[in-house]
Amino acid sequence: MDTKYLDESKKYLMNTYNRFPIVLRKGRGMKVWSSDGKEYLDFVGGIAVNCLGHCHPKVVIAVQKQAQRLIHVSNLYHIEPQIKLARLLVELSFADKVFFCNSGTEAIEGAIKLARKYAKDHSPHNKFEIITAYGSFHGRTMGALSATGQEKIQKGFEPLLPGFRHVPFNDIEALRKAVTDNTCAVLLEPIQGEGGVRMPSNDYFDQVRKICDEHKLLLILDEIQTGMGRTGKFFAYEHFNIKPDIITLAKGLGGGVAIGAVLAKDSVAASFQHGTHASTFGGNPLACAAAEATIETLLEDGFILDSCRRMGEYFITRLEKLKKDYPSTIIETRGLGLLIGMELTQAGSPIVEACAKRGILINCTSGNVLRFTPPLIVVEKEIDDLIDVLEDIFEK
Ligand SMILES: *Cc1c(COP(=O)(O)O)cnc(C)c1O
């Protein structure tokens, strides 16, 4: 039965993904099931999207209720769930204002436009350059892919959008040197996710903030992967003791429903006025109701964030033990909360495939980094199951 789907998938869909030969049909919590009935533990979680696990009842009910009431209206009108969600995000963050869109890459486009417009409004000459990092990932539309510091993502799509300068991540001197009279902003991920779960040093963002203040640059943090509790705090910037000027959100924001957001302080947000930016679907009632339910569930009693921190530590401890046992296979384990990477001395994809055969979904990024972004509701026993499988695979 699966082969029919696989054949049709190949026949009708553009070939943009190197997919596993698995057709997923149903999910609950940490588990997903394929159309041929096989059960999987999902340590990918939509790549940091399914933060509450699959089909969390609170999100399902919120979507059902909202779908019965109102699915879509134009942003020409005020929208209740959009207002509620914006207030929640403002109360939880440094920001005063929110713009909603539908994905990560759109949030980045919004942030780039906002930074450029802010510079136009506030500096006498044409400041438009944005400094970003090598190894970064900001999305696939033309602006976001030009911001992204990876040639393989840009190749074939030139000419790129002008106005980006790339510096090595976590190299404060390189950043300082890259600032020119034309620089208007710095755009960084708190932890590079797609780039292989690359961690900043303890004082990196403190220094970045200082450079931004000295040169009057906006600090844009791409929290699309690190936000929504992924690192054990609601936003990753809370680990650094600094405040950004703009952040971008998406992935986990809707608990699985497509939604993105740009958050900014009033002084910055003021550069977006009527007609400067818009999105037909951005902030639609359905997606906002899902996001509101996701955030409320995530923060109820602080239980899930607390568990995310504890499970993250447990996870790393177990991976460190693996590293001790297989020093010729594992170079390093790193991460924060439940954004975890394990760098291997070999390609990761055979390991990912072997895990899938044994009922565990994991992901590999940057060629040789196994990445784990499970729902934040993962428990010890499930981490143990994964470690057992990895151990078995490394043994062979
Ligand atoms: C996934 C991701 C994006 C792009 O998000 P899409 O919703 O796929 O467009 C941008 N930045 C970061 C840090 C991401 O992890």
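In listed order, ligands and their atoms are each counted from 1.
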(request) For side chain to side chain donor-acceptor pair (under 3.5 Å), just list the numbers for K10 and N15, CA-CA rounded to whole Å, side-chain angles, deciding distance to a tenth of an Å, and then say yes or no. (result) CA-CA 7 Å; K10 203 169 167 197; N15 197 22; over 6 Å; no

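Taking CG from L221 and CD1 from I242, the interatomic distance works out to 5.5 Å, rounded to the nearest 0.5 Å.
Among protein residues, S103, G104, T105, F137, H138, G139, E189, D222, I224, Q225, K251 come within 4.0 Å of ligand 1, judged on heavy atoms.
Hydrophobic cluster membership of L70, counting Ile, Leu, Val, Met, Phe, Trp and Tyr whose side-chain heavy atoms lie under 4.5 Å apart directly or via other members: V73, I79.
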Under 3.5 Å, side-chain donor or acceptor atoms of residues 47-55 against the rest of the protein: list the pairs with distances, not counting sequence neighbours.
{"unit_1": "N50", "atom_1": "OD1", "unit_2": "G46", "atom_2": "N", "d": "3.4"}
{"unit_1": "H54", "atom_1": "NE2", "unit_2": "D42", "atom_2": "OD2", "d": "2.7"}

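Counting only residues at least two apart or on different chains, the side-chain hydrogen bond (donor to acceptor under 3.5 Å, both in side chains) pairs with a member in residues 297-312 are K58-E300.
Note: F315 and F372 have tilted aromatic rings, judged against thresholds of 30 and 60 degrees for the angle between ring planes.
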